[in-house]
Amino acid sequence: MNGFDGKTAVVTGAASGIGRASAQRLAAEGASVVVADVDAEGGAETVAAIEDAGGDATFVEVDVTDAASVEHMVDVALDTYGSLDLAHNNAGILTGFDAVTDIEEEDWDRLLGVNLKGVWLCMKAELAVMEETGGAIVNTASEAGLVGMGGLSNYVASKHGVVGLTKTVALEYAGRGVRVNAIAPGPTKTNIQQGMTGGSDPSTLPFDTSAMADVPMDRQADPEEMAGAVAFLCSEDASYITGHTIPVDGGQAAD
């Protein structure tokens, strides 16, 4: 598995969960990986795991809501490895499970800042390099970017925004050698998933949570299954795919 030999990848939110699995998968296939996250300890653990498996990685602390921090992340990739070919913009948060009227403005702004503005800032910095050399970008949306979910209006809004942003940027760069796609994970064993399922009992809530119904495949995904989809979309096997959000959800979108 060496399809990414000689390529450099940046993965945000790579200290844990889907981001960590993605960074490890891209490194296993030959890429040099910039592991980016606000969590320095978790990021160092991801780098160590990649290096222990024979891969090449470096950590950079990044706040995806801050343009200068994101630009520094891209500069680290260029200074360390000399190129930027692949990007997985994965950093995201969940601030709570509340009716739309109960969400605090601070929580709304914080979540949209990380989940949507962060993806925009990352793509803006990445594309400044890739428009000269070509590349592939994968954003992490969510099943919440494809349907409504009661109790998660700010999260749903952010992920619908990621889907729309992905489509638009893909159109803008389709003729410039850069492909832009997204994955829409279903229930996956991550901290965010725990936040979705660890709150109020849906039966007691005054809104519809039917979109959080059981998965037809009757299980949660492992982060590595999301990483497989990311690796495919970054690969030459997906050379004619751009502007799409791929559900990786155990059949929920088809249910």
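Keep in mind that this is a model prediction, so the values were computed, not measured. Below, each value reflects all heavy atoms present in this structure, side chains not excepted, and no hydrogens, waters or symmetry copies.
- Under the 4.5 Å side-chain heavy-atom criterion for grouping Ile, Leu, Val, Met, Phe, Trp and Tyr, V180 is connected to M130 within one hydrophobic cluster.
- P185 approaches A141 most closely through the heavy-atom pair CD-O, 3.7 Å.
- Taking CZ of R176 as the reference point, atom CD of E132 lies at 10.0 Å (rounded to 0.5 Å).
- Pairing each heavy atom of L84 with each of L86, the nearest pair is CD1-O, 3.5 Å.
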(request) Apply side-chain contact (heavy atoms from CB on, under 4.5 Å) to the pair N139 and M123, showing each step before the final yes or no. (result) CA-CA 9 Å; N139 300 319; M123 284 203 289; 3.5 Å; yes
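- For the pair P247 and L146, the minimum side-chain heavy-atom distance is below 4.5 Å.
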(request) Give the C-alpha distance, both sets of side-chain angles, the deciding distance and a yes or no for side-chain contact (heavy atoms from CB on, under 4.5 Å) between I241 and F232. (result) CA-CA 10 Å; I241 300 174; F232 165 69; 3.8 Å; yes
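- To the nearest 0.5 Å, atom OG1 of residue T166 and atom NE2 of residue H244 are 11.5 Å apart.
- Cluster membership check: V114 does not share its hydrophobic cluster with I183, using side-chain heavy-atom separations under 4.5 Å among Ile, Leu, Val, Met, Phe, Trp and Tyr.
- Checked by atom type and distance alone, the side chain of N115 pairs as donor or acceptor with a backbone atom of I93 at under 3.5 Å.
- Contact between V10 and A77 at its shortest, heavy atoms only, is CG2-CB, 4.0 Å.
- Annotation: side chain of L94 is in contact with side chain of L152 (closest heavy-atom distance under 4.5 Å).
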(request) Check the pair V34 / T80 against side-chain contact (heavy atoms from CB on, under 4.5 Å), numbers first and verdict last. (result) CA-CA 9 Å; V34 175; T80 305; 5.8 Å; no
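- Between the R25 side chain and the V230 main chain, no donor and acceptor come within less than 3.5 Å of each other.
- Residues I103 and V156 share a single hydrophobic cluster, defined by chaining ILVMFWY side chains whose heavy atoms lie under 4.5 Å apart.
- In this structure, E224 CD and R20 CZ are separated by 10.5 Å, a value rounded to the nearest 0.5 Å.
- Side-chain atoms of T95 and N154 include a donor-acceptor pair closer than 3.5 Å.
- Note that the CD atom of E104 and the CG atom of L111 stand 14.0 Å from one another [nearest 0.5 Å].
- Nearest heavy atoms, T12 versus C122: CG2-SG, 4.0 Å.
- A distance of 11.0 Å separates OG1 of T8 from CG of L26, quoted to the nearest 0.5 Å.
- In this structure, V162 is a member of the same hydrophobic cluster as M149, with clusters built from ILVMFWY side-chain heavy atoms closer than 4.5 Å.
- In this structure, I50 is not a member of the same hydrophobic cluster as I18, with clusters built from ILVMFWY side-chain heavy atoms closer than 4.5 Å.
- Residue K167 comes nearest to G243 through the heavy atom pair CG-O, 3.5 Å, listed as atom of the first residue, atom of the second, then distance.
- Taking the side chain to side chain donor-acceptor pair (under 3.5 Å) definition, one finds that T242 meets it with nothing, sequence neighbours left out.
- Contact check for D39 versus S16: no side-chain heavy atoms found under the 4.5 Å cut-off.
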(request) Determine, step by step, whether L165 and V119 satisfy the side-chain contact (heavy atoms from CB on, under 4.5 Å) criterion, reporting the C-alpha distance in whole Å, the side-chain angles of both residues, the deciding distance to 0.1 Å, and the verdict. (result) CA-CA 9 Å; L165 185 61; V119 171; 4.1 Å; yes
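- From L116, atom CG reaches atom NZ of K159 across 9.0 Å, with rounding to the nearest 0.5 Å.
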Validation: residues 53-76 side-chain donor-acceptor distances under 3.5 Å, sequence neighbours left out:
unit_1, atom_1, unit_2, atom_2, d
D56, OD1, Y81, OH, 3.2
D56, OD2, S32, OG, 3.4
D63, OD1, T65, N, 3.0
D63, OD1, T65, OG1, 2.7
D63, OD2, T65, OG1, 3.3
D66, OD2, A68, N, 3.3
D66, OD2, S69, N, 2.8
S69, OG, D63, N, 2.9

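- The minimum heavy-atom distance linking A23 with V11 is given by the pair CA-CG2, 4.1 Å.
- Judged by distance alone, with hydrogens and angles left aside, the side-chain atoms of N181 form no donor-acceptor pair with the main-chain N or O of T245 at under 3.5 Å.
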